[in-house]
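Notes to accompany the following structure.
Chain letters run A, B, ... following the sequence lines, proteins first and then strands; every chain starts at 1. Here the structure is a predicted model, which is why all the values come from computation and not from measurement. Computation of the quantities below employed the complete heavy-atom set of this structure, encompassing side-chain atoms and omitting hydrogens, waters and symmetry-equivalent molecules.
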2 protein chains.
Amino acid sequence: VSDASPPYFAVIFSSTRDARPGDGYAEAAERMEELARHQPGFLGVESARDSALGITVSYWASREAVAAWGAHAEHLLAQKFGRDTWYTSFTLRVCVVEGVRSFTRPDGAAT
Amino acid sequence: VSDASPPYFAVIFSSTRDARPGDGYAEAAERMEELARHQPGFLGVESARDSALGITVSYWASREAVAAWGAHAEHLLAQKFGRDTWYTSFTLRVCVVEGVRSFTRPDGAAT
């Protein structure tokens, strides 16, 4: 992600869920990321998860790529939302990234 | 956040750090969020942290609010970046939120 120049696109996926380790949630989240990686226009993905809140931000080269992934992801999420009880709520936000500033400690690895 | 209508603004802060619980990082992150809450134009904030990666997304009403918070946050981060060793790297992305979809399970709480 770090070498893409704005403008590009971000999809912020925030979810709250019932905290039940071992319920297959982590595996499903990884599978979603894996699917995203194979979509056209994929630039990168970052995820962090607490016990209560998860945030996954995926980055995309074009509005078309976002729309294609959005339809795909929403379909998958809607299926899971109805069928499973992982998510208490989730929010999908589609954004245009306008500016980026990065800092890396000399001995560090870039995000 | 959930009742704001797009367009509004998001600042995505991704950071990698050395995982050392009890080093004051969590307290500093909370203090940053508390500072954000008192800035003009603040709409909301969401944070999730793994051992390795943290993502904090703050939401803002205007470009002016983002700029004011950005300058403030960058100043604070730069100080810490030089002085402390919490962060291995961090990236700040300024975004325009164009679209939002939320889903809440009937017995759930909104993100």
Side-chain angles (χ1 to χ4, degrees), chain A residues 1-2 4 6-18 44-57 59 63 66-67 70 73-74 77-78 80-82 84-111, chain B residues 1-2 4 6-18 44-57 59 63 66-67 70 73-74 77-78 80-82 84-111:
Chain A
V1 182
S2 54
Y8 55 88
F9 298 84
V11 177
I12 306 172
F13 174 65
S14 323
S15 60
T16 58
R17 60 185 181 101
D18 296 328
V45 64
E46 300 176 313
S47 265
R49 293 181 192 94
D50 282 352
S51 52
L53 181 72
I55 302 177
T56 298
V57 189
Y59 299 99
R63 237 174 261 276
V66 169
E74 211 177 298
L77 286 167
K80 295 204 174 307
F81 203 57
D84 300 309
T85 54
W86 289 325
Y87 294 117
T88 312
S89 65
F90 63 83
T91 302
L92 272 171
R93 291 185 176 86
V94 176
C95 310
V96 183
V97 179
E98 295 193 328
V100 180
R101 305 278 312 250
S102 286
F103 302 79
T104 304
R105 215 170 57 194
D107 60 333
T111 38
Chain B
V1 182
S2 54
Y8 55 89
F9 298 83
V11 178
I12 305 172
F13 174 66
S14 322
S15 59
T16 58
R17 60 184 182 103
D18 297 329
V45 64
E46 300 178 313
S47 265
R49 294 181 192 93
D50 281 353
S51 52
L53 182 71
I55 301 178
T56 298
V57 188
Y59 299 97
R63 237 175 261 277
V66 169
E74 212 176 298
L77 286 167
K80 294 201 175 308
F81 203 56
D84 300 310
T85 53
W86 289 325
Y87 294 117
T88 312
S89 65
F90 62 84
T91 302
L92 272 171
R93 289 184 176 87
V94 175
C95 311
V96 184
V97 179
E98 295 193 327
V100 180
R101 304 279 311 251
S102 287
F103 302 80
T104 305
R105 213 170 57 193
D107 59 335
T111 38

Practice problem: Among the options B:Ser47, B:Pro6, B:Ala10, pick out the one with the most heavy-atom pairs lying under 4.5 Å from chain A. | Solution: B:Ser47
Self-check item: Side chain, backbone, both or neither of A:Ile55 within contact of chain B (heavy atoms, under 4.5 Å)
Solution: both
Practice problem: Find the distance between CZ (B:Arg63) and CD (A:Glu98) and round it off to the nearest 0.5 Å. | Solution: 4.0 Å
Quiz prompt | Donor-acceptor under 3.5 Å (A:Asp50 side chain, B:Arg49 main chain) | solution = yes
